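Before any comments, here is the structure.
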Amino acid sequence: MYKAFLIKYAEIGIKGKNRYLFENALRDQIKNALKNLGDFVVTKEQGRVYIECPDGYDYEETVEALQRVFGIAQICPVVIIDTIEWKPLTKAVGDYVDARYEDKNFTFKMEAKRGDKNYPMTSPEICIEMGAYLLKRFPEMKVDVHNPSVRIMVEVRNKSYVYSEVIPGPGGMPVGTNGKALLLLSGGIDSPVAGYMISKRGVTIDAVYFHAPPYTSERAKQKVVDLARLVSKYTGPIKLHIVNFTEIQLNIYEKCPHEELTIIMRRYMMKIAEQIAEETGCLGLITGESIGQVASQTLHSLAATNEVCHLPVYRPLIAFDKQDIVNIAEKINTYETSILPFEDCCTIFVAKHPVTKPSLKVIHHSEKSLEDSIDDMVKTALDTREIIVVD
Ligand code: ATP
Ligand code: MG
């Protein structure tokens, strides 16, 4: 029945002179989301985006893909009517209503737009006449102009268009309108959600994963690649940097007090991530940290981790309860993958009693013992990193 979609956007409508940048980004993201589903034609039009669908396209699949494109507020499936002649047009709109609403016992309001101001009827006249036609054909229907349960929109241009259904989009801003940031992506529940949330504000995402072979397996790494792929359904392609962290981790394990291991390790992760970010034009780091979740996420520990960073660190989950994070993970379909039981590079070397109130003075002192070798190790880790583009 539906041959097109009308896409309405939210906040991006209010961006003044930069509006075209937002509209272009939205159009490009929609094209990217639909590229494997057929030859859709995506065009910008005053304040909205219009998608014409190829023959035989899959409606459900298309709506699902559009519901993952940030910046979309509403998705309206559109029926195209090949005439603007009044009589056949009213009949076609009636047929649409008949097919779409089995039960006609609802209130409605007609809305109309003309593309050509020379059309023999004005928009209010179209509404009145079309409304009268529908009331006559379907006596159960009732008009309610203030609080209708269905708004029936008719647009007359070189063809006619009718739509009445509104499917909610994800909201947010189109990816590509707000710079790029580097997500520290582990195999856990939190970091994929953090990446999703920041990306929803229009930020392009790259990612970095630290692994420690042979202490962490190929399957643990594959799990992170899989998570990146799931997140990329929302964010678009993600460049994933995979850094071998084994040597650094063993070195810390050997030379530093075990209860400080996690904190020192996390400081080195941040340092390395920051170097990758600077090399690749990322304007900030993103983590899945949340206050109090584990010993390394107390305010003291977060301060100790944060001390090494110069770039801003975005922590969208900082005040979220675990269950709220899980709910989002389920919604975006990363949860099932996140809970697969593969070892994480942080958990393997974890101390029985990690510090929860690390003192910076003590940490600095412990890190002194790494001085001779750590810079070379960091350089090697950066130089030998593997890069996978996940799409
Ligand atoms: P997650 O569910 O995201 O793994 P977590 O509760 O396990 O979080 P931590 O292990 O303390 O928390 O990690 C905190 C954050 O540090 C993660 O959300 C992630 O952003 C980053 N991080 C931790 N381990 C790694 C890793 N191996 N590679 C990349 N980033 C990591
Ligand atoms: Mg983790």
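Whatever order the structure lists ligands and atoms in, that order sets their numbers, starting from 1. All of these numbers come straight from a predicted model, not from anything done at the bench.
- Checked against a 3.5 angstrom limit, the closest N/O atoms of D190 and ligand 1 fall inside it.
- Counting heavy atoms from C-beta on, the side chains of I286 and M197 never come closer than 4.5 Å.
- Under 4.0 angstrom from ligand 1, the non-hydrogen atoms of S191 come from both its backbone and its side chain.
- Contacts between V224 and ligand 1 below 4.0 angstrom, taking non-hydrogen atoms only, are absent altogether.
- Put simply, L299 and L360 are part of two different groups of oily side chains (I, L, V, M, F, W, Y) that touch within less than 4.5 Å, one to the next.
- Near Q297, meaning under 4.0 Å from any of its heavy atoms, are these atoms of ligand 1: 6 (O), 9 (P), 11 (O), 12 (O), 13 (O), 14 (C).
- Classification of R48 and E155 as a salt-bridged pair holds, one side-chain N sitting under 4.0 Å from a carboxylate O.
- Looking at G187 next to ligand 1, no N or O pair under 3.5 Å apart turns up.
- Ligand 1 has no nitrogen or oxygen under 3.5 angstrom from a nitrogen or oxygen of V294.
- Of all atoms in ligand 1, listed by their number and element, those nearer than 4.0 Å to a heavy atom of I189 are 2 (O).
- For the side-chain contact (heavy atoms from CB on, under 4.5 Å) with M377, the lone residue among I252, L370, N251, L382 that qualifies is N251.
- For Y50 and Y161, the ring centers sit closer than 6.0 Å to each other.
- Within the 4.0 Å heavy-atom criterion, neither part of T262 lies near ligand 1.
- Those atoms of ligand 1 with a heavy atom of S296 less than 4.0 angstrom away are 11 (O).
- At a 3.5 angstrom cut-off on N or O pairs, I286 does not count as close to ligand 1.
- Counting the atoms of ligand 1 from 1 in the order shown, those under 4.0 Å from a heavy atom of V208 are 29 (C).
- Ligand 1 places these atoms under 4.0 Å from at least one heavy atom of T287: 20 (O).
- Stacking of K271 on the aromatic ring of Y268 is recorded, both the 6.0 Å distance cut-off and the 45° axial limit being met.
- If you chain together hydrophobic residues whose side chains sit under 4.5 Å apart, F40 and V69 fall into the same group.
- The side chain of Q293, and not its backbone, has at least one atom closer than 4.0 Å to an atom of ligand 1 (non-hydrogen atoms only; side chain from C-beta on).
- Inter-residue side-chain proximity for K331 and Y196 is flagged as met; some heavy-atom pair is nearer than 4.5 Å.
- Between G288 and ligand 1, a contact under 3.5 Å exists for at least one N or O pair.
- Side-chain atoms of Y2 and E165 include a donor-acceptor pair closer than 3.5 Å.
- Near L185, the atoms of ligand 1 lying under 4.0 angstrom from a non-hydrogen atom of the residue are 28 (N), 29 (C), 30 (N).
- In this structure, a donor-acceptor pair under 3.5 Å is present between the side chains of S191 and S186.
- At least one N or O atom of R266 sits closer than 3.5 Å to an N or O atom of ligand 1.
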